[in-house]
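Have a look at the structure below before the remarks.
Residue numbers run from 1 in the order of the sequence given. Worth knowing before you read on, the calculation uses all heavy atoms, side chains too, and leaves out hydrogens, waters and symmetry mates. Here the structure is a predicted model, which is why all the values come from computation and not from measurement.
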Amino acid sequence: MSLKHLFFSDYLEGAHPRILQALSSNNLQQEKGYGLDRFSLEAADLVRDRIGNRDAAVHFVHSGGMANLVALGSMLKPYESIIAPASAHIHVHEGGAIEAAGHKINLVQSFDGKLTPGDIAAVMDKHIADEQMVLPKVVALTHATEVGTIYWRDEIEQIAKVCRKYDLYLFLDGARLASALASEDADIQLPGLSGLLDMFYIGGTKNGALLGEAIVINNPALQTQFRRHMRRRAAYVAKARLIGIQFVELLRDGLYLELARHANRMAKKLRQGIAAQGYRFLSESSSNLSFPIFPNEIIGRLQANYGFHAGARVDAGMSAVRLVTSWATPEQAVDDFVADLKAM
Ligand SMILES: Cc1ncc(COP(=O)(O)O)c(C=O)c1O
């Protein structure tokens, strides 16, 4: 039996029609390879414009996992490590890629997917004085986090301050940056956020692109030889033009945030419809990820009609599930889910 709708993730559809159109109209245009094409250069310029840093270096890669690997690897000496929350994608869902590149991740338990300045200071104080331990050098945040929360301006400013104190680089996994920025709750936007970060990436794959992520390097010291580093990590894309074209389309007139606003609106409607029936949530999401807690028996019945990940067991009879909306989620799918839940 085919399912009514899939809420597994935000990359389940192809690309926004405007992106397909742009790819198609530039299809036969001959261009240089490896990010030196006209489109990648234009897209990099648009990124610099949107973040308010004319001196940033911008590089395009094909996936979030690759963006994390190549970005984090470029910041670390062999004995250096990364501080991240235990929920971080780099820890849970990247097949040990960071560890395979030779770096430990110092994990911090976090209920809401966020790091705090206190967490970072505690890890540093423990590691600095003992040369038998790895030396943390990068703090890796995810925004929006893996549990749908977003950082507030004050939190990131305080984290940036503690990073300066301990001589740490601040990195942000932006696979769902669009959703975080477009959130009704957001109190920090791109220029302010980017100004606090040494390096981060802007996700396209989960926000209307066929695929592609833009790595942004603000810290000039980290810009040197980054393309050689990408090449060595097989992150160099011969047809980077395809990613460049997509980012031009996403960024030139606000499509990027418009698509994320839709995903967020659908998620909010879903949460409201579920909350109205008395269900609780695992986290207070401000983005396109929602984690309602349902009785296990209801989860089984919902899964007969909808695709979603059923995750954390909350107690003997209840579990949290993950519902993800996207730039293309039809409102009808949300209405159907809420109505079907009610009928149970
Ligand atoms: C926060 C976050 N970072 C990175 C990734 C990795 O992206 P990809 O699957 O494109 O490698 C994901 C994908 O789910 C993600 O959610």
Side-chain angles (χ1 to χ4, degrees), residues 1-17 63-65 86-89 91-95 111-113 142 144-149 175-176 178-179 182-184 203 205-211 259-344:
M1 183 183 134
S2 74
L3 298 175
K4 287 191 193 176
H5 190 76
L6 305 183
F7 291 100
F8 285 116
S9 198
D10 28 21
Y11 50 71
L12 304 180
E13 295 90 7
H16 187 270
S63 75
S87 55
H89 203 269
H91 169 59
V92 185
H93 284 122
E94 286 176 21
F111 188 68
D112 59 3
T142 310
T145 70
E146 288 78 358
V147 294
T149 52
R176 293 198 178 84
S179 180
S183 169
E184 283 179 356
T205 306
K206 295 176 194 299
N207 192 44
L210 278 178
L211 84 177
L259 296 183
R261 274 194 288 270
H262 174 83
N264 288 350
R265 247 195 327 271
M266 293 303 99
K268 188 173 177 185
K269 191 169 189 204
L270 195 55
R271 286 195 291 273
Q272 284 174 337
I274 293 170
Q277 298 177 43
Y279 293 108
R280 292 178 301 117
F281 292 79
L282 193 66
S283 62
E284 271 199 39
S285 175
S286 295
S287 67
N288 66 327
L289 306 182
S290 308
F291 296 85
I293 299 169
F294 294 135
N296 294 335
E297 182 246 329
I298 295 269
I299 293 173
R301 288 166 66 191
L302 283 169
Q303 282 179 322
N305 281 317
Y306 300 93
F308 56 84
H309 293 294
R313 181 175 175 276
V314 172
D315 61 36
M318 309 279 282
S319 302
V321 306
R322 188 180 94 141
L323 302 175
V324 188
T325 52
S326 82
W327 60 275
T329 302
E331 195 154 354
Q332 190 61 53
V334 171
D335 293 342
D336 287 349
F337 186 94
V338 171
D340 287 350
L341 179 65
K342 203 168 189 175
M344 290 172 189

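Scanning both residues, Asn207 and Ala178, for their nearest heavy atoms gives ND2-CB, 3.2 Å. The nearest pair of heavy atoms linking Ala320 to Val314 is N-CG2, 3.9 Å. When every heavy atom of Leu282 is checked against every heavy atom of Ala312, the shortest pair comes out as CD2-CB, 4.4 Å. Taking all atoms of both residues into account, the shortest heavy-atom contact from Glu331 to Lys269 is OE2-NZ, 2.9 Å. In terms of heavy atoms, Ser290 sits closest to Arg271 at OG-NH1, 3.0 Å. When all heavy atoms of His91 and Ala86 are compared, the closest pair comes out as CD2-O, 3.2 Å.
Among residues two or more places apart in sequence or in another chain, the side chain to side chain donor-acceptor pair (under 3.5 Å) test is passed with His16 by none. Residues forming a side chain to side chain donor-acceptor pair (under 3.5 Å) with Arg313 (at least two apart in sequence, or on another chain): none. Scored by the salt bridge (charged side-chain N to carboxylate O under 4.0 Å, His left out) test, Lys268 finds Glu184 as partners (sequence neighbours excluded). With sequence neighbours left out, the side chain to side chain donor-acceptor pair (under 3.5 Å) criterion links Ser283 to no other residue. Applying the side chain to side chain contact (heavy atoms under 4.5 Å, CB included) rule to Lys4 yields the partners Asn305, Tyr306, Asp340; only residues at least two apart in sequence or on another chain are considered. Every residue two or more places apart in sequence or in another chain that forms a side chain to side chain contact (heavy atoms under 4.5 Å, CB included) with Leu211 is listed here: His62, Thr205, Gln246. Remark: Glu284 engages no residue in a salt bridge (charged side-chain N to carboxylate O under 4.0 Å, His left out) (not counting sequence neighbours). In this view, Ala175 and Asp173, Tyr201, Lys206 satisfy the side chain to side chain contact (heavy atoms under 4.5 Å, CB included) rule, not counting sequence neighbours. Among residues two or more places apart in sequence or in another chain, the side chain to side chain contact (heavy atoms under 4.5 Å, CB included) test is passed with Ser87 by Pro85, Glu146.
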Donor-acceptor pairs under 3.5 angstrom involving side-chain atoms of residues 7-14: please list them, not counting sequence neighbours.
| from | atom 1 | to | atom 2 | distance (Å) |
| --- | --- | --- | --- | --- |
| Asp10 | OD1 | Arg176 | NH2 | 3.2 |
| Asp10 | OD2 | Arg176 | NE | 2.7 |
| Asp10 | OD2 | Asn288 | ND2 | 2.9 |
| Glu13 | OE1 | Ser326 | OG | 2.9 |
| Glu13 | OE2 | Ser326 | OG | 3.4 |

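Judged purely by distance below 3.5 Å, without hydrogens or angles, the side chains of Asn264 and Ser179 pair a donor atom with an acceptor atom.
Side chain of Ser183 to backbone of Ser286: a donor-acceptor contact under 3.5 angstrom is found. The closest donor-acceptor contact from the side chain of Ser285 to the backbone of Gly148 lies under 3.5 Å. In this structure a side-chain-to-backbone donor-acceptor pair under 3.5 Å is missing from Ser287 to Ala144.
A salt bridge (charged side-chain N to carboxylate O under 4.0 Å, His left out) check over residues 299-310, counting only residues at least two apart or in different chains, returns the pairs Glu297-Arg301. Residue pairs meeting the ring-ring contact (aromatic ring centres under 6.0 Å, His included) criterion with at least one member in residues 262-285, sequence neighbours excluded: Tyr279-Phe294.
Residues Leu302 and Phe337 are in side-chain contact: their nearest non-hydrogen atoms beyond the backbone lie under 4.5 Å apart. In this structure the side chain of Val334 reaches within 4.5 angstrom of the side chain of Thr329, judged on heavy atoms. Residues Val338 and Gln272 form no side-chain contact, since every pair of their non-hydrogen atoms from C-beta on lies 4.5 Å or further apart. Contact check for Ile274 versus Leu341: side-chain heavy atoms found under the 4.5 Å cut-off.
We find the CG-CG distance between Leu270 and Leu289 to be 11.5 Å, quoted to the nearest 0.5 Å. The CG atom of Leu6 lies 12.0 Å from the CG atom of Leu323; values are rounded to the nearest 0.5 Å. The CD1 atom of Ile293 sits 9.5 Å away from atom CD1 of Ile299, with the distance rounded to the nearest 0.5 Å.
Within a 6.0 Å radius of NE2 in His93, other residues, nucleotides and ligands contribute 12 heavy atoms or fewer.
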Quiz item: Is there a side-chain contact (heavy atoms from CB on, under 4.5 Å) between Gln303 and Phe308 once you walk through the steps?
Solution: CA-CA 7 Å; Gln303 282 179 322; Phe308 56 84; 3.4 Å; yes
